[in-house]
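Scroll down for the structure; my scribbles are underneath it.
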Amino acid sequence: MRPIGVFDSGIGGLTVVREIFRILPEEPVLFFGDTARLPYGPKSAETVTRFSRQITRFLLARNVRCVVVACNTASSAALPVLERESPVPVLGVIAPGARAAARETRSGVIGVIGTRGTVASGAYERALQAIDPALRVVSEACPLLVPLVEEGWADHPVTEQVVRQYLDPLLRRSIDTLILGCTHFPVLRDVIGKVAGEGVVIVDAARETACALREALPPGEPASKGAPSHRFLVTDVPHRFREEAELFLGAPVERVERVETEQLEGICQE
Ligand code: DGL
């Protein structure tokens with residue numbers, strides 16, 4: 001059975017894989033985490049696009065059924081190029097998150113939190129305004145939340161303080177819906193929900209993407225017998241990924257293999 005290709009700048013994309021496992025339990029997944037070159041959030045759109053094209057071609061060469069761009073920063077920077085270049089469907093996280101937020105909002109004021117790259121791209125604004133030009137979007141880059149999650153500090157008081165600081169300008173603008181526009185933020189769902197308060201609906205772009213994938217998957221593949229086998233590929237040493245994976249995936253990963261970045265760099269010449 002051809003796998004679903006999923007890629008991310010590193011480990012956070014496992015929050016999307018977790019939802020795919022839940023919603024599409026029969027599908028084998030080939031996950032690619034670019035752990036040697038993370039983070040993508042502070043990098044230029046040009047660099048993120050170059051890395052994303054390389055990884056997409058790498059996955060296509062492994063005969064994936066579709067490509068899920070689990071990384072918000074990569075989806076913001078590179079999705080149109082990847083869609084143009086891929087013979088199989090390419091699904092990003094922005095449109096599913098935006099659709100869910102547009103459905104949920106009552107006041108029409110939607111907050112978006114993500115990396116600097118995602119917020120600077122304006123990708124969520126464009127997606128939301130394409131759905132309804134009357135929607136108002138307030139965005140905030142929250143770069144410190146990424147290392148706090150990776151440090152395992154989801155429940156730490158410092159993290160709550162940082163979340164308060166970042167959400168303050170959004171809450172002042174009376175958002176009633178908040179998009180978690182970064183792979184790492186579903187891990188902080190409880191503290192973000194607590195700070196945002198009951199009046200704010202939290203939209204998890206990872207979950208919405210898995211739902212959209214169920215609709216977008218090309219038909220015709222027979223379901224596998226028994227549990228599907230998944231593969232996890234990374235560009236840095238596998239042991240760190242293996243150690244941190246459970247935090248994002250909710251389950252341990254067994255097989256993690258290494259791919260050298262040199263192998264990727266030869267893939268796209270232009
Ligand atoms: N995966 C990235 C995203 O969702 C967050 C981590 C990074 O900056 O690479 O935007």
Side-chain angles (χ1 to χ4, degrees), residues 5-20 31-56 59 67-79 82 90-98 101 111-125 127 139-154 159 162-163 166 178-189 192 202-210 212 232-236 240-241 244-245 247-249 261 264:
V6 181
F7 83 85
D8 179 47
S9 56
I11 195 161
L14 291 178
T15 55
V16 177
V17 173
R18 177 184 194 146
E19 296 300 330
I20 296 174
F31 178 82
F32 191 105
D34 196 3
T35 47
R37 302 189 294 188
L38 65 78
Y40 282 10
K43 293 193 169 68
S44 68
E46 188 194 321
T47 297
V48 172
T49 302
R50 184 158 49 87
F51 292 170
S52 302
R53 290 179 67 219
Q54 293 168 353
I55 298 168
T56 300
L59 290 172
V67 176
V68 178
V69 187
C71 179
N72 284 255
T73 311
S75 294
S76 306
L79 195 67
L82 305 181
V90 180
L91 188 74
V93 286
I94 308 289
V112 178
I113 52 174
T115 64
R116 283 195 206 288
T118 298
V119 169
S121 74
Y124 274 107
E125 280 88 338
S139 307
E140 188 70 28
C142 305
L144 289 176
L145 296 182
V146 170
L148 285 169
V149 169
E150 288 178 3
E151 206 53 41
W153 281 28
T159 305
V162 176
V163 168
Y166 280 138
L178 177 64
I179 302 177
L180 306 183
C182 174
T183 46
H184 289 53
F185 297 173
V187 178
L188 300 176
R189 198 189 167 108
I192 290 171
I202 307 288
V203 171
D204 177 348
R207 177 164 300 180
E208 298 303 330
T209 301
F232 298 87
L233 310 180
V234 293
T235 48
D236 200 359
R240 261 213 81 198
F241 182 89
E244 290 180 5
L247 179 67
F248 296 88
L249 191 64
T261 46
L264 297 171

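Because only heavy atoms are used, hydrogens play no part in the values below, and waters and symmetry mates are left out as well, while side chains stay in. Note that the structure is a prediction, hence the values are computed from the model and not measured. Each ligand, and each atom within it, is numbered from 1 in the order the structure gives.
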In chain order, what residues pass the side-chain hydrogen bond (donor to acceptor under 3.5 Å, both in side chains) check against T235, with sequence neighbours excluded?
D34
Apply side chain to side chain contact (heavy atoms under 4.5 Å, CB included) to residues R53 and L82 and explain how you reach the verdict.
CA-CA 6 Å; R53 290 179 67 219; L82 305 181; 3.8 Å; yes
Across all chains, not counting sequence neighbours, the side-chain hydrogen bond (donor to acceptor under 3.5 Å, both in side chains) partners of T261 are none
Who pairs with E244 by salt bridge (charged side-chain N to carboxylate O under 4.0 Å, His left out), at least two apart in sequence or on another chain?
R240
With distance as the sole test, does T73 use its side chain to make a donor-acceptor pair with the main-chain N or O of G117 at under 3.5 Å?
no
Give a yes/no verdict on a cation-pi contact between R37 and F51, requiring under 6.0 Å between NZ or CZ and the six-membered ring centre and an angle within 45° of the axis.
yes
Please tabulate, line by line, the atom pairs linking an N/O of ligand 1 to a protein N/O at a distance below 3.5 Å, with the distance in Å to 0.1, or answer 'none'.
residue  : atom   : partner : partner atom : Å
ligand 1 : 1 (N)  : D8      : OD1          : 2.9
ligand 1 : 1 (N)  : S9      : OG           : 3.1
ligand 1 : 1 (N)  : T183    : OG1          : 2.9
ligand 1 : 4 (O)  : N72     : N            : 3.1
ligand 1 : 4 (O)  : T183    : N            : 3.0
ligand 1 : 4 (O)  : T183    : OG1          : 3.2
ligand 1 : 8 (O)  : Y40     : N            : 3.4
ligand 1 : 8 (O)  : G41     : N            : 2.8
ligand 1 : 9 (O)  : S9      : OG           : 2.6
ligand 1 : 9 (O)  : Y40     : N            : 2.7
ligand 1 : 10 (O) : T73     : N            : 3.1
ligand 1 : 10 (O) : T73     : OG1          : 2.5

